[in-house]
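For reference, the structure is listed below as structure tokens.
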Amino acid sequence: MGGAFALVPRSSFRFTLCCMPASCALQFWLLKSEPDVFGYPDLVRVGREAWNGVRNYQARNFLRQMREGDVCLFYHSNAKPAGIAGVARVARTAYPDDLQFDPASAYFDPASPPQQPRWSMVDVEPVRAFPAVLGLDTIRSLPEWQDSPLVRKGTRLSVLPVTAEQFDAALKAAGLNADFL
DNA sequence: GCCAACGTTGGC
DNA sequence: GCCAACGTTGGC
């Protein structure tokens with residue numbers, strides 16, 4: 001076995017403890033989706049997807065902070081089981097969400113100024129499916145996640161930042177290491 | 001299906 | 001700018 005090497009979560013080692021300027025540091029996020037509508041297997045099937053339909057300012061602002069290559073936990077909400085289903089990656093940074101200008105869409109926003117679109121989306125690609133969905137109850141039990149909006153009662157944020165420690169803890173709880181990153 | 005919690009809307 | 005009403009989220 002890897003000995004001391006294995007004791008160091010690879011993602012933290014590489015991206016947090018390395019001598020990278022903060023402006024370049026890899027960021028981690030969690031994206032919620034209802035699997036009945038679009039689940040992680042759907043992302044795997046299509047290979048790449050525009051993360052549209054976000055209509056909450058705080059979530060939108062997080063989308064706009066994303067950089068190419070940022071790592072996302074894909075969370076299944078409103079599901080049995082609810083939890084993290086896999087890892088995705090930001091393939092394109094924020095650009096205008098086209099659905100806001102589509103009158104036929106449920107996400108149409110007639111008040112959005114075309115010259116300064118109100119809503120943004122990013123593109124994401126699948127990276128790795130979890131062996132099994134990491135249930136919300138398990139996530140709640142992880143010390144690293146105690147302060148996350150995900151587990152805070154009443155928070156409905158659909159795009160939220162994740163720390164490197166939270167990411168590593170989730171991966172470890174899912175039985176994965178971060179070598180694939 | 002229930003309902004707590006929260007964000008948004010719109011009258012005033 | 002207040003705040004009641006309404007809609008939505010999302011776990012259970």
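These numbers come from the heavy atoms of this one structure, side chains and all, not from hydrogens, waters or symmetry mates. Order of the sequence lines sets the chain letters (A, B, ...), proteins ahead of strands, with each chain counted from 1.
Within residues 130-152 of chain A, the residues approaching DNA chain C are A:Leu136, A:Arg140, by heavy-atom distance under 4.0 Å.
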For the pair A:Asp123 and A:Trp51, evaluate side chain to side chain donor-acceptor pair (under 3.5 Å) and give the outcome as yes or no after the intermediate values. CA-CA 6 Å; A:Asp123 287 355; A:Trp51 206 263; over 6 Å; no

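In this model, no donor atom of one side chain and acceptor atom of the other lie less than 3.5 Å apart for A:Ser120 and A:Arg60. For the 3.5 Å distance criterion, the side chains of A:Ser112 and A:Gln100 qualify, holding a donor opposite an acceptor.
Rounded to whole Å, atom P of B:dA5 lies 19 Å from atom CG of A:Asn56. Here C:dG11 presents its C1' atom at 12 Å from CD of A:Glu34, a figure rounded to the nearest Å. One can place CH2 of A:Trp119 at 10 Å from C1' of B:dT8, the figure rounded to the nearest angstrom. If you measure from atom CZ of A:Arg55 to atom P of C:dG10, you get 15 Å, rounded to the nearest angstrom. Protein atom NE2 of A:His76 is 12 Å distant from nucleotide atom P of C:dG11, rounded to whole Å. Here B:dG1 presents its C1' atom at 11 Å from NZ of A:Lys80, a figure rounded to the nearest Å. Here C:dT9 presents its P atom at 16 Å from CG of A:Leu31, a figure rounded to the nearest Å. The separation between A:Arg60 atom CZ and B:dG7 atom C1' is 14 Å, rounded to whole Å.
Stacking of A:Arg128 on the aromatic ring of A:Phe130 is not recorded, the 6.0 Å distance cut-off and the 45° axial limit not both being met.
Taking the six-membered ring for Trp and the full ring otherwise, A:Tyr57 and A:Trp119 have centroids separated by under 6.0 Å.
Distances shown here put every side-chain N or O of A:Tyr107 at or beyond 4.0 Å from the OP1 or OP2 atom of C:dT8. Listed pair A:Lys32 / C:dT9 fails the phosphate criterion, with no side-chain N or O lying under 4.0 Å from OP1 or OP2.
Mapping A:Asn78 and A:Lys153 onto DNA chain B by nearest heavy atom places A:Asn78 at the nucleotide closer to the 5' end.
The one candidate from A:Val133, A:Thr138, A:Leu30 that meets the side-chain contact (heavy atoms from CB on, under 4.5 Å) condition with A:Ile84 is A:Leu30.
Here the side chains of A:Ser158 and A:Asn56 are not in contact, with every heavy-atom distance at 4.5 Å or above.
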